[in-house]
Amino acid sequence: LDQPAGALDGGRAAAPATCPLSSVPPLETLAGLPLRWPSATPMGESFLINPAPPLGCATSDDWVAAVRTAAAEWNDVRLGFCYDEGGTTALGSKGKQPDGFNVLHVGNAHGALAVTTVWYDPPTGNIVENDMVVDTGRKFSWGCVTSGAIGATQYDLLATVLHEFG
């Protein structure tokens, strides 16, 4: 894997992305605090991609390219923070959660196309971790392309990941 040095021990892999502040009002916690990332770099750390692809992606390179393209499209909108990729990892959602790593991986999304789980600190409203699981594609077909058309009976993987980012 091309995981950057230090990614599993919490080290940053790349300089944080910078984005202008957003005018979009934040969501709120049950206590009425704004639910937000603690800095312009979401999660305080980079997100990691598990390169094992879903069914419908010919290679892990296709899957990783779709995730990277979705992150770039999100960053182009400039909603107050940018997603900062930290490379690839073997991590998934098994084990104790939250675990301090922000991982995108393929697994059981429990009937949904994808599911994002967000953990936050209730006293501050600061988000501390965000993990995304994209369904394996056993029940439907993914269109795993970064440009051009997907099949008429396929779900758009790039659009699904972009939706989950937001």
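Sequential numbering from 1 along the given sequence is applied to the chain's residues.
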Engineer: Do L158 and E73 come close enough that some side-chain heavy atom pair is under 4.5 Å?
Structural biologist: yes
Engineer: Report yes or no: does N50 contribute a side-chain atom to a donor-acceptor pair with the main-chain N or O of L91 at less than 3.5 Å?
Structural biologist: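 Between the backbone of L91 and the side chain of N50 there is a qualifying donor-acceptor contact (under 3.5 Å).
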Engineer: Should P53 and V106 count as side-chain neighbours, where that means a heavy-atom distance under 4.5 Å?
Structural biologist: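 SC-SC contact between P53 and V106 ruled out.
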Engineer: Where do E164 and T116 come nearest, in terms of heavy atoms and distance?
Structural biologist: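 Here E164 and T116 meet closest at OE1-OG1, 2.6 Å.
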Engineer: State, with a plain yes or no, whether a side-chain heavy atom of E85 is found less than 4.5 Å away from one of I49.
Structural biologist: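 E85 vs I49: side chains touch.
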Engineer: Looking at D131 and V103, would you say the former's side chain and the latter's main chain have a donor-acceptor pair under 3.5 Å?
Structural biologist: yes
Engineer: Taking C-beta and beyond as the side chain, do T160 and L113 meet within less than 4.5 Å on heavy atoms?
Structural biologist: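 Result yes, sub-4.5 Å side-chain heavy-atom pair found.
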Engineer: Output yes when a side-chain donor or acceptor of Q154 lies under 3.5 Å from a complementary backbone atom of S141, and no otherwise.
Structural biologist: no
Engineer: Determine whether a donor-acceptor pair (N or O, by modelled atom type, separation under 3.5 Å) exists between the side chain of D135 and the backbone of A109.
Structural biologist: yes
Engineer: Restricting to pairs with a member in residues 109-150, which pass ring pair (Phe, Tyr, Trp, His ring centres under 6.0 Å), not counting sequence neighbours?
Structural biologist: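 Output for this query lists F140-W142, F140-Y155.
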Engineer: Is the shortest side-chain heavy-atom distance between V134 and L157 below 4.5 Å?
Structural biologist: yes
Engineer: Please confirm whether the backbone N or O of C57 pairs with a side-chain atom of D62, one donor and one acceptor, at under 3.5 Å?
Structural biologist: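 No, D62 side chain to C57 backbone: no donor-acceptor pair under 3.5 Å.
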